[in-house]
Amino acid sequence: MEKDHLLAGNTTVANRIICHVWNKVYANDFMPGGTYLTACGKGGFKDTKPVYRRLLQYVEEQRPTISGDAYEERLIDEIGALDKERQIIQVSIAIAVSP
């Protein structure tokens with residue numbers, strides 16, 4: 001999710017899909033190295049609102065600077081668990097590190 005959508009609170013607009021591949025030749029995008037504020041929740045890509053809500057509440061309270069995009073990764077998908085309650089989604093937001 002692009003930083004502008006994230007800052008506007010529009011957390012339902014995904015613009016790229018990335019997945020782990022072992023050969024960069026097959027990659028269509030990447031998650032840059034850096035520091036990320038990360039949280040997990042139950043469900044899949046359509047169940048991220050509560051996760052984003054927790055992360056953005058933390059940003060509001062603790063004031064880290066959002067420095068880049070947000071990334072969603074399914075740690076346990078429908079292949080690993082048919083029951084949606086057992087599926088796990090991880091959301092990571094790029095943040096700046098204070099010196």
_Same apolar cluster: Val59 and Leu55, side chain cutoff 4.5 Å_ = yes
*Is there a side-chain contact between Tyr36 and Ser67, using heavy atoms and a 4.5 Å cut-off?*
no
*How far apart are the C-alpha atoms of Val91 and Thr38, what are their side-chain angles, what is the distance that settles it, and do they pass the side chain to side chain contact (heavy atoms under 4.5 Å, CB included) test?*
CA-CA 6 Å; Val91 176; Thr38 301; over 6 Å; no
_4.5 Å side-chain heavy-atom contact, Tyr52 and Met1_ = yes
*CZ of Arg54: more than 12 outside heavy atoms within 6.0 angstrom?*
yes
*Got Gln87 and Arg74 here, is their nearest side-chain heavy-atom distance under 4.5 Å?*
yes
*Please check if atom NZ in Lys49 has more than 12 non-hydrogen atoms from other residues, nucleotides or ligands closer than 6.0 Å.*
no
*Minimum heavy-atom distance Pro50-Asp47, with the two atoms named*: CD-O, 3.6 Å
_Thr48 backbone acceptor or donor facing Arg53 side chain under 3.5 Å_ = no
_side chain to side chain contact (heavy atoms under 4.5 Å, CB included) for Ile89 and Glu73? Distances and angles first, verdict last._
CA-CA 6 Å; Ile89 184 98; Glu73 182 178 0; over 6 Å; no
*From Leu7, Leu37, Val51, Leu6, residue fulfilling side chain to side chain contact (heavy atoms under 4.5 Å, CB included) relative to Leu56*: Leu6
*May I ask you to check whether over 12 heavy atoms, not counting those of Glu60, lie within 6.0 Å of atom CD?*
no
*How far apart are the closest heavy atoms of Met31 and Ser92, and which atoms are they?*
CE-CB, 3.9 Å
*Could you tell me whether the side chain of Thr11 reaches within less than 4.5 Å of the side chain of His5, counting heavy atoms only?*
no
*asked:* Quick one, Lys3 with Ile66, criterion side chain to side chain contact (heavy atoms under 4.5 Å, CB included). Give me CA distance, side-chain angles, the key distance, then yes/no.
replied: CA-CA 8 Å; Lys3 178 182 173 183; Ile66 295 175; 4.2 Å; yes
